[in-house]
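Contents: one structure, followed by commentary.
Proteins come first, then strands; the chains are lettered A, B, ... in the order of their sequence lines, and each starts at number 1.
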Amino acid sequence: KAGVTQTPRYLIKTRGQQVTLSCSPISGHRSVSWYQQTPGQGLQFLFEYFSETQRNKGNFPGRFSGRQFSNSRSEMNVSTLELGDSALYLCASSLDRAEQFFGPGTRLTVL
Amino acid sequence: QKEVEQNSGPLSVPEGAIASLNCTYSDRVSQSFFWYRQYSGKSPELIMSIYSNGDKEDGRFTAQLNKASQYVSLLIRDSQPSDSATYLCAVRGFQKLVFGTGTRLLVSP
């Protein structure tokens with residue numbers, strides 16, 4: 001069974017730009033969660049989607065948004081990038097509220 | 001008080017020893033508990049899940065859960081240098097999965 005895939009793996013953007021990250025969950029998994037990981041803050045929860053509905057949202061500004069499609073693939077978008085948005089963005093999929101399996105992540109650098 | 005707390009370490013153990021990693025959580029209604037291993041530059045990898053009080057063993061790994069004390073631990077027997085990584089404790093409450101900041105484990109040959 002293929003694992004969670006994330007694209008792109010690396011991104012370099014400048015302040016003010018926007019970015020879209022993509023995540024394809026494990027086949028059959030309908031829940032997708034997104035996390036931001038930085039050295040200082042650890043893993044911070046962004047949002048969770050289940051069957052195209054946002055089920056939970058973390059404490060991030062409205063510049064961070066996401067969506068899930070009918071095939072369970074998910075995207076997250078960050079608008080008006082700031083230097084502090086530089087981080088590893090991780091997607092995790094699960095069978096509803098069960099073990100989460102992480103993708104390889106997208107490393108975003110904002111210059 | 002943080003929702004999930006771990007000692008950041010590093011925890012240094014010699015090869016072949018038992019490494020003991022600890023985690024406390026604040027939400028009494030938490031039902032699911034997980035341990036992830038994360039190598040530097042990589043994403044977290046699930047190594048253990050535990051749902052009820054007591055011990056759960058899987059190879060060299062043993063997870064221990066004490067809901068009354070709101071405490072979960074991970075024991076790694078016969079530690080190997082390849083076990084050197086950051087270990088993340090994760091706790092699912094009513095809504096979301098919350099991660100601790102992780103404990104860095106160093107196993108010296």
Side-chain angles (χ1 to χ4, degrees), chain A residues 1-10 21 23-26 29 31-50 53-60 64 66 86-109, chain B residues 1-11 21-27 29-52 56 58 61 63 65 72 74 85-105:
Chain A
K1 207 177 216 184
V4 180
T5 59
Q6 291 187 245
T7 56
R9 295 291 311 279
Y10 302 92
L21 312 181
C23 170
S24 292
I26 293 170
H29 285 190
S31 174
V32 172
S33 297
W34 288 90
Y35 297 88
Q36 180 196 67
Q37 188 174 38
T38 58
Q41 298 295 318
L43 264 172
Q44 300 292 310
F45 172 73
L46 280 156
F47 21 67
E48 178 188 9
Y49 288 89
F50 182 80
T53 301
Q54 187 180 86
R55 191 155 62 175
N56 286 302
K57 190 177 191 304
N59 296 324
F60 278 81
F64 292 81
S86 294
L88 179 66
Y89 289 88
L90 291 158
C91 164
S93 81
S94 66
L95 286 168
D96 202 351
R97 290 190 167 97
E99 295 100 336
Q100 290 189 358
F101 299 90
F102 283 87
T106 296
R107 185 162 297 281
L108 172 65
T109 301
Chain B
Q1 183 188 7
K2 288 185 181 178
E3 293 178 85
V4 179
E5 295 207 54
Q6 296 181 257
N7 188 317
S8 60
L11 173 66
L21 304 161
N22 304 313
C23 171
T24 58
Y25 59 94
S26 60
D27 187 353
V29 300
S30 298
Q31 295 296 318
S32 309
F33 307 85
F34 308 94
W35 283 99
Y36 287 82
R37 177 177 62 198
Q38 187 173 24
Y39 292 113
S40 181
K42 301 293 185 182
S43 62
E45 173 193 10
L46 179 67
I47 53 172
M48 289 287 287
S49 58
I50 187 166
Y51 302 95
S52 55
K56 179 181 178 183
D58 184 0
F61 298 99
L65 174 61
V72 58
L74 179 70
T86 296
Y87 289 79
L88 302 169
C89 171
V91 177
R92 181 177 281 285
F94 179 68
Q95 293 276 351
K96 61 185 180 181
L97 190 61
V98 180
F99 285 82
T101 53
T103 298
R104 188 173 167 218
L105 173 65

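- With rounding to the nearest 0.5 angstrom, the NZ atom of B/Lys96 is 10.5 Å from the CG atom of A/Leu46.
- Of the candidates A/Phe101, A/Phe102, A/Tyr35, B/Tyr36 forms a ring-ring contact (aromatic ring centres under 6.0 Å, His included) with just one, namely A/Phe102.
- Contact record, A/Glu99 with B/Ser49: OE2-OG, 3.1 Å, taken as the closest heavy-atom pair.
- The residue among B/Gln31, B/Lys42, B/Gln38 with the most heavy atom pairs within less than 4.5 Å of chain A is B/Gln38.
- Atom CZ of A/Arg55 is surrounded by more than 12 heavy atoms from other residues, nucleotides or ligands within 6.0 Å.
- Ranked by heavy-atom pairs under 4.5 Å with chain A, the first of B/Pro44, B/Gly102, B/Ala90 is B/Pro44.
- If you measure heavy-atom distances from A/Glu48 to chain B, the contacts under 4.5 Å come from the side chain alone.
- Interface residue B/Leu97: backbone and side-chain heavy atoms are both found under 4.5 Å from chain A.
- Both the backbone and the side chain of A/Gln100 come within contact range of chain B, judged by heavy atoms closer than 4.5 Å.
- For the residue pair A/Pro104 and B/Ser43, the shortest heavy atom distance occurs at CA-OG, 3.8 Å.
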